[in-house]
Amino acid sequence: MNSKSNDRKNFMMNCKEVMKKLSTKEELTFFQKMDLNIHILICRGCTRFKKQLQAINASVKDLISSEMKFEEIKVKKMEENIISKIQK
Amino acid sequence: MSNLHEMFSTDEFVEKIIRGDKEAQNLLVSEYTRQIYRASFGLGFKNEEADELVQRTWLTFFETVGRFEKRSHIRTFLFGILYFKAQELRRSNFKQFKMESIDGFMDEQFDDKGEWLNKPLAPDRFMESIQAIDNIKDCLEDIPLNYRMAFILKEIEEQDSKEICKILEVTDTNLGVLLFRAKNKLRTCLEKKHEFKK
């Protein structure tokens, strides 16, 4: 994409606002969502930022699932343990 | 699973739990133990500590469910207890952060027009950093418990924001701040790890 500043002035959101909205996951109106998506489309920095957030989520999910896989047997035992404790 | 989740929110079911109905208890425990376990890992507890946390959470739940006011879902109540117990277990390490606004934190990263001063790392470089599993573990360790709880409930457990606000006892604005700080601490930490490699 060519020089950004001329195109960008027409849009409501700048990078700072995009970053904030992507991070806080606040609810957006239809038009805000559109603005957000258009900005990300044309902005390399924000595209990267969004991908980074997605990568972080995926990575943390993977980390936790691999830890969980390891402990699968424990979950069943834990359940039985709890039940026996509260139902004695 | 969502059918069970809905059934659990009915007054009938909650009454059963309060009365100590064994079948209801079995159902509840078998449905949510995995989630609490997973959340415990997400919060950074391992092995015996995670087991301890899960147990304490459930025991406290059944001890106090008589006081449950039914103003939220029963799972919200459960996770609220998990959060409380997690804080207990981490009392010495629990870092309190002031609920500052986001803006000060952001000013250093953006210019006057609100554009990136230093663009985020290119995807392939960022991925290198994030795929080193130790990096993500280390970066998670630095996140205070409240930020971490917000992050895993929202992004990993994918719970509803309104429920998360009740679990953490914060407003939706505050939740936004917690999520913001968690994600950006993680992000900048991972970017820094990449720089050290060079």
Side-chain angles (χ1 to χ4, degrees), chain A residues 3-6 8-9 11-27 39 43-88, chain B residues 20 22 25-26 29-30 33-34 37-39 41-42 46-47 50-51 54-55 58-59 62-63 102-103 106-107 109-110 113-116 118-123 126-127 130-131 133 136-137 139-140 151-152 154-156 161 172-173 175-184 186-187 190-191:
Chain A
S3 94
K4 15 175 204 168
S5 41
N6 283 332
R8 284 261 205 82
K9 271 173 196 158
F11 292 98
M12 269 168 41
M13 284 190 200
N14 59 32
C15 301
K16 196 165 164 178
E17 291 165 320
V18 169
M19 186 245 206
K20 184 172 173 181
K21 289 180 163 56
L22 284 175
S23 304
T24 61
K25 285 222 144 170
E26 50 195 271
E27 278 190 38
H39 178 111
C43 174
R44 207 197 308 181
C46 290
T47 301
R48 285 182 182 179
F49 180 79
K50 182 175 175 179
K51 286 194 175 150
Q52 283 181 342
L53 289 192
Q54 289 170 337
I56 291 171
N57 285 355
S59 202
V60 175
K61 273 185 187 158
D62 280 346
L63 177 67
I64 296 176
S65 348
S66 57
E67 283 180 3
M68 277 299 285
K69 258 188 212 143
F70 200 63
E71 310 283 341
E72 204 48 58
I73 304 167
K74 267 200 188 171
V75 175
K76 260 281 165 253
K77 282 199 184 147
M78 177 73 55
E79 288 171 12
E80 287 162 17
N81 194 4
I82 304 288
I83 294 293
S84 67
K85 282 202 168 134
I86 60 169
Q87 286 179 358
K88 57 174 182 229
Chain B
K22 292 192 177 176
Q25 287 173 342
N26 285 339
V29 171
S30 60
T33 299
R34 181 173 276 98
Y37 228 129
R38 203 167 52 217
F41 285 134
K46 303 183 221 312
N47 307 321
D51 295 352
V54 173
Q55 261 205 49
W58 272 125
L59 293 177
F62 284 110
E63 278 165 29
I102 288 172
D103 294 312
M106 290 211 292
D107 285 338
Q109 299 190 47
F110 297 96
K113 284 190 238 142
E115 291 171 7
W116 291 100
N118 292 311
K119 273 209 282 270
L121 272 184
F126 189 75
M127 287 315 289
I130 214 174
Q131 269 155 14
I133 208 128
I136 193 112
K137 273 191 184 172
C139 290
L140 276 169
F151 177 76
I152 58 153
K154 184 70 191 172
E155 301 294 346
I156 313 298
S161 285
D172 52 5
T173 311
L175 177 60
V177 175
L178 291 172
L179 288 171
F180 177 92
R181 303 213 73 150
K183 291 177 198 182
N184 282 281
L186 280 171
R187 196 186 73 86
L190 287 162
E191 285 202 339

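Just so you know, these numbers use all the heavy atoms, side chains as well, and skip hydrogens, waters and symmetry mates. Every chain is numbered from 1 and lettered A, B, ... according to where its sequence line falls, protein lines coming before strand lines.
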Quick one: does any side-chain atom of Asn14(A) pair with a main-chain N or O of Lys113(B) as donor and acceptor, under 3.5 Å? yes

Interatomic distance, OG1@Thr24(A) vs NZ@Lys154(B), rounded to 0.5 Å, equals 10.0 Å

Does any heavy atom of chain A fall under 4.5 Å from the side chain of Phe110(B), the backbone, both, or neither of them? side chain

Based on non-hydrogen pairs under 4.5 Å, which of Glu27(A), Glu80(A), Gln52(A), Glu72(A) is most in contact with chain B? Gln52(A)

Any idea which of Leu53(A), Val75(A), Val18(A), Asp62(A) has the most non-hydrogen atom pairs under 4.5 angstrom with chain B? Val75(A)

What closest approach, in Å, do Gly45(A) and Pro120(B) show between heavy atoms, and which atom pair accounts for it? O-CG, 3.4 Å

Chi angles and distances behind the side chain to side chain contact (heavy atoms under 4.5 Å, CB included) call for Gln87(A), Asn26(B): CA-CA 10 Å; Gln87(A) 286 179 358; Asn26(B) 285 339; 3.6 Å; yes

So, the part of Ala122(B) with a heavy atom under 4.5 Å from chain A: the answer is both

Over all atoms of both residues, closest heavy-atom pair of Gly42(B) and Ile64(A): CA-CD1, 3.4 Å

After noting the C-alpha distance and the side-chain angles of Trp58(B) and Met78(A), does the key distance pass the side chain to side chain contact (heavy atoms under 4.5 Å, CB included) rule? CA-CA 10 Å; Trp58(B) 272 125; Met78(A) 177 73 55; 5.6 Å; no

Would you call Arg44(A) and Trp116(B) a side-chain contact if the rule is heavy atoms closer than 4.5 Å? no

Heavy-atom distances under 4.5 Å only: say whether Phe126(B) touches chain A with side chain, backbone, both or neither. side chain

Pair Glu67(A) + Lys46(B): basic N to acidic O under 4.0 Å: no

Which of Asn184(B), Val177(B), Leu179(B) passes side chain to side chain contact (heavy atoms under 4.5 Å, CB included) with Ser23(A)? Answer is Asn184(B)

CZ of Phe41(B) to OG of Ser66(A), rounded to nearest 0.5 Å, is 10.0 Å

Step by step, work out the side chain to side chain contact (heavy atoms under 4.5 Å, CB included) result for Glu155(B) and Val60(A). CA-CA 9 Å; Glu155(B) 301 294 346; Val60(A) 175; over 6 Å; no

Max heavy-atom pair count under 4.5 Å with chain A, selected residue of Pro123(B), Gly114(B), Gly176(B): Gly114(B)

If I compare all heavy atoms of Lys25(A) with all of Lys183(B), which pair ends up nearest, and what's the gap? CG-NZ, 3.5 Å

Rounded to the nearest 0.5 Å, how far does OG of Ser59(A) lie from NZ of Lys137(B)? 11.5 Å

Side chain / backbone / both / neither for Leu140(B) at chain A, heavy atoms under 4.5 Å: side chain

Would Asp51(B) and Asn81(A) satisfy side chain to side chain contact (heavy atoms under 4.5 Å, CB included), going step by step from the backbone distance to the final call? CA-CA 11 Å; Asp51(B) 295 352; Asn81(A) 194 4; over 6 Å; no

Residue from Lys77(A), Lys74(A), Lys20(A) scoring the most non-hydrogen pairs under 4.5 Å with chain B is Lys74(A)

Between CD on residue Glu115(B) and SG on residue Cys43(A), distance to nearest 0.5 Å: 7.5 Å

Answer with side chain, backbone, both or neither: which region of Asn47(B) has an atom nearer than 4.5 Å to a non-hydrogen atom of chain A? both

What are the two closest non-hydrogen atoms of Leu190(B) and Ile56(A), and how far apart are they? CD1-CG1, 3.9 Å

Can you tell if the side chain of Gln55(B) reaches within under 4.5 Å of the side chain of Ile82(A), non-hydrogen atoms only? yes

Out of Lys61(A), Lys85(A), Arg48(A), return the one with the most heavy atom pairs under 4.5 angstrom to chain B. Arg48(A)

With respect to chain B, which residue among Glu71(A), Glu26(A), Lys51(A) yields the maximal number of heavy-atom pairs within a distance under 4.5 Å? Glu71(A)

